[in-house]
Amino acid sequence: MFGIPGKQAVSITPKAEVQIAKLMAKEGHMGLRIGVKKGGCAGMEYTMDYVNEVDANDELVEQNGARVMIAPMAQMFLFGTEIDYETSLLESGFKFRNPNVTDACGCGESIKFKDVEELQADAAKI
């Protein structure tokens with residue numbers, strides 16, 4: 001839907017690849033679908049869900065055994081994002097380094113994106 005030929009919508013770090021592949025194998029899922037939804041104090045939140053089949057409108061990204069599907073509504077907002085997996089003493093989880101985010105809440109769970117016109121203009125420059 002919102003892709004640029006020859007360019008992956010998102011990149012996945014080696015640590016995230018390992019974790020995604022591990023989650024897929026654990027329950028026999030086909031992959032993880034990432035998206036965004038309204039919520040949180042900054043306006044939007046990331047979502048991640050197990051999936052057992054690829055929707056025809058999903059953007060599919062596969063790297064070294066890790067499979068991520070991007071929900072159609074989220075493709076514009078996630079284009080150019082790096083998905084990482086970080087572990088610290090207090091928490092472990094996926095981190096999204098997204099060039100389309102303009103603001104985030106203090107806890108980092110909620111984000112605000114560029115306006116749609118800005119996202120489209122950025123995509124046209126690539």
Smallest heavy-atom separation, A74 atom then G35 atom, equals CB-CA, 3.5 Å
Residue pairs passing the salt bridge (charged side-chain N to carboxylate O under 4.0 Å, His left out) test with at least one member in residues 77-89, sequence neighbours excluded, are E82-R97, D84-R97, E86-R97
Can you sort out the partners of K95 under salt bridge (Lys or Arg N to Asp or Glu O under 4.0 Å), two or more places apart, ordered by chain and number?
E91
Output the distance between atom CD (E59) and atom CG (L78), rounded to the nearest 0.5 Å.
10.5 Å
NE2-OH distance between H29 and Y50, expressed to the nearest 0.5 angstrom
5.5 Å
Test side chain to side chain contact (heavy atoms under 4.5 Å, CB included) on I34 and T47 and set out the steps.
CA-CA 5 Å; I34 59 174; T47 63; 5.8 Å; no
Any side-chain heavy atom of D58 sitting closer than 4.5 Å to one from I70?
no
If only atom types and distance count, is the side chain of Q75 paired as donor or acceptor with the main-chain N or O of A9 below 3.5 Å?
no
Would you please test K15 and F94 for side chain to side chain contact (heavy atoms under 4.5 Å, CB included) and show each step?
CA-CA 10 Å; K15 287 181 182 178; F94 290 99; over 6 Å; no
Side chains of F77 and N100: closer than 4.5 Å at any heavy-atom pair?
no
With a 4.5 Å limit on heavy-atom distance, are the side chains of Y85 and T13 in contact?
no
Shared hydrophobic cluster for V10 and V18 (ILVMFWY, side-chain gaps under 4.5 Å):
no
Show your working on side chain to side chain contact (heavy atoms under 4.5 Å, CB included) between L60 and R67 and close with a plain yes or no.
CA-CA 7 Å; L60 178 62; R67 188 176 301 118; 3.3 Å; yes
Test side chain to side chain contact (heavy atoms under 4.5 Å, CB included) applied to V51 - qualifying residues, sequence neighbours left out
R33, M69
Once rounded to the nearest 0.5 Å, what's the spacing between atom CD1 of I83 and atom CD1 of I20?
5.5 Å
If you compare all heavy atoms of M44 against all heavy atoms of M73, which two are closest, and at what distance to 0.1 Å?
CE-CE, 4.1 Å
May I ask you to check whether E17 and Q63 show a side-chain donor-acceptor distance below 3.5 Å?
yes
Inter-residue atom distance N52.CG - M24.CE, 0.5 Å rounding:
10.5 Å
Quick one, L23 and L32 - any side-chain contact, counting heavy atoms below 4.5 Å?
yes
